[in-house]
Amino acid sequence: MASISSHRPLSFEVAGEPLVIKGFPTTRWRVVDLAPGEAGPWTLELQLYMTERAAYRFNLTSRSPRLFIRAGEAGATPRPDAITASQEVAAGWLDGEHRVLEVNMPLAIQAWLEAYLALHGEAPDEGRKKKRRGAGRARELES
């Protein structure tokens, strides 16, 4: 069976667009020119983890698969320092009050992610686990 690398460098640029919301000036930041390789002003390593396989599948089957970039604290100038294909990881970053930028996942990365999932299998279903007989029930007391 062929080996598939679990990490890929991605380069990109972060662009700011001035915006006024309810009379207050702000900047909307976005990721532009995302591409595999190390050619852009910012380069981050996209690392895939076995524990995130279900999140990767969820992302790939969405209408528009995305990559998520942690870019420093909310309200500050973006300083990208991590990238993921997992919405769960990105949600954790947001909970930690980090800025998270989203960008469409390039087709080459989608294909690589599909190959990774094909090689390592889908994540096991985290649904209900079968309990042993009688578990969770009040036991009858013997008289």
Side-chain angles (χ1 to χ4, degrees), residues 1-140:
M1 193 179 290
S3 174
I4 294 175
S5 174
S6 64
H7 51 87
R8 287 280 158 97
L10 295 171
S11 64
F12 56 93
E13 190 169 334
V14 176
E17 171 186 327
L19 190 66
V20 176
I21 298 176
K22 295 185 178 181
F24 293 97
T26 187
T27 303
R28 178 183 305 162
W29 298 98
R30 60 190 180 91
V31 175
V32 293
D33 300 330
L34 180 90
E38 300 178 11
W42 292 97
T43 299
L44 294 173
E45 190 93 359
L46 176 58
Q47 174 76 45
L48 301 180
Y49 297 95
M50 296 285 285
T51 56
E52 295 295 325
R53 290 175 292 168
Y56 300 149
R57 174 57 62 206
F58 180 79
N59 191 356
L60 283 173
T61 58
S62 70
R63 181 179 297 163
S64 177
R66 316 283 281 167
L67 292 174
F68 307 93
I69 298 171
R70 184 176 64 197
E73 292 182 17
T77 301
R79 301 206 56 75
D81 65 359
I83 187 169
T84 185
S86 167
Q87 291 172 304
E88 293 173 11
V89 170
W93 292 342
L94 286 170
D95 288 345
E97 299 185 12
H98 293 278
R99 170 182 281 125
V100 176
L101 303 174
E102 296 182 32
V103 63
N104 288 330
M105 186 184 300
L107 288 175
I109 299 301
Q110 290 180 43
W112 170 64
L113 195 47
E114 282 287 355
Y116 178 86
L117 292 173
L119 178 65
H120 295 292
E122 298 294 324
D125 184 19
E126 294 295 324
R128 294 180 64 143
K129 295 188 176 14
K130 188 174 181 179
K131 294 181 180 178
R132 62 181 167 75
R133 186 172 176 219
R137 297 186 182 150
R139 289 200 166 126
E140 293 179 25

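Legend: side-chain hydrogen bond (donor to acceptor under 3.5 Å, both in side chains) pairs involving residues 23-39, not counting sequence neighbours: none detected. Identified under the ring pair (Phe, Tyr, Trp, His ring centres under 6.0 Å) test for residues 50-94, with sequence neighbours left out: none.
For the pair H120 and R53, the tightest heavy-atom approach, listed with the atom from each and the gap, is O-NH1, 2.9 Å.
The shortest distance between side-chain heavy atoms of L44 and P9 does not fall below 4.5 Å.
In this structure, CZ on F12 lies 6.0 Å from CD1 on I83, to the nearest 0.5 angstrom. The OH atom of Y116 sits 10.0 Å away from the OG atom of S5 when rounded to the nearest 0.5 Å. Rounding to the nearest 0.5 Å places CD of E13 at 11.0 Å from CH2 of W42. Note that OG of S6 is 9.5 Å distant from CG of L46, once rounded to the nearest 0.5 Å.
Residues passing the side chain to side chain contact (heavy atoms under 4.5 Å, CB included) test with S11 are A39, T43, sequence neighbours excluded. With sequence neighbours excluded, the residues that form a side chain to side chain contact (heavy atoms under 4.5 Å, CB included) with R57 are L60, T61, E114, L117, E122. Partners of E45 according to the side-chain hydrogen bond (donor to acceptor under 3.5 Å, both in side chains) rule, which considers only residues two or more places apart in sequence or in another chain, are H7. For the side chain to side chain contact (heavy atoms under 4.5 Å, CB included) test, residues two or more places apart in sequence or in another chain that qualify with D81 are R70. Partners of V20 by side chain to side chain contact (heavy atoms under 4.5 Å, CB included), not counting sequence neighbours: none found. Under the rule for a side-chain hydrogen bond (donor to acceptor under 3.5 Å, both in side chains), S62 has no partner lying at least two apart in sequence or in another chain.
Residue-environment remark: CD (E73) stays at or below the threshold of 12 foreign heavy atoms within 6.0 Å.
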Contacts under 3.5 angstrom, residues 94-111 side chains, donor-acceptor by atom type, not counting sequence neighbours:
| residue | atom | partner | partner atom | Å |
| --- | --- | --- | --- | --- |
| R99 | NH1 | A76 | O | 2.3 |
| R99 | NH2 | A76 | O | 3.2 |
| E102 | OE1 | R66 | NE | 3.2 |
| N104 | OD1 | S64 | OG | 3.1 |
| N104 | OD1 | R66 | NH1 | 2.3 |
| Q110 | NE2 | M105 | O | 2.9 |

Contacts under 3.5 angstrom, residues 85-92 side chains, donor-acceptor by atom type, not counting sequence neighbours:
| residue | atom | partner | partner atom | Å |
| --- | --- | --- | --- | --- |
| S86 | OG | E52 | OE1 | 2.8 |
| S86 | OG | E88 | N | 3.3 |
| S86 | OG | V89 | N | 3.2 |

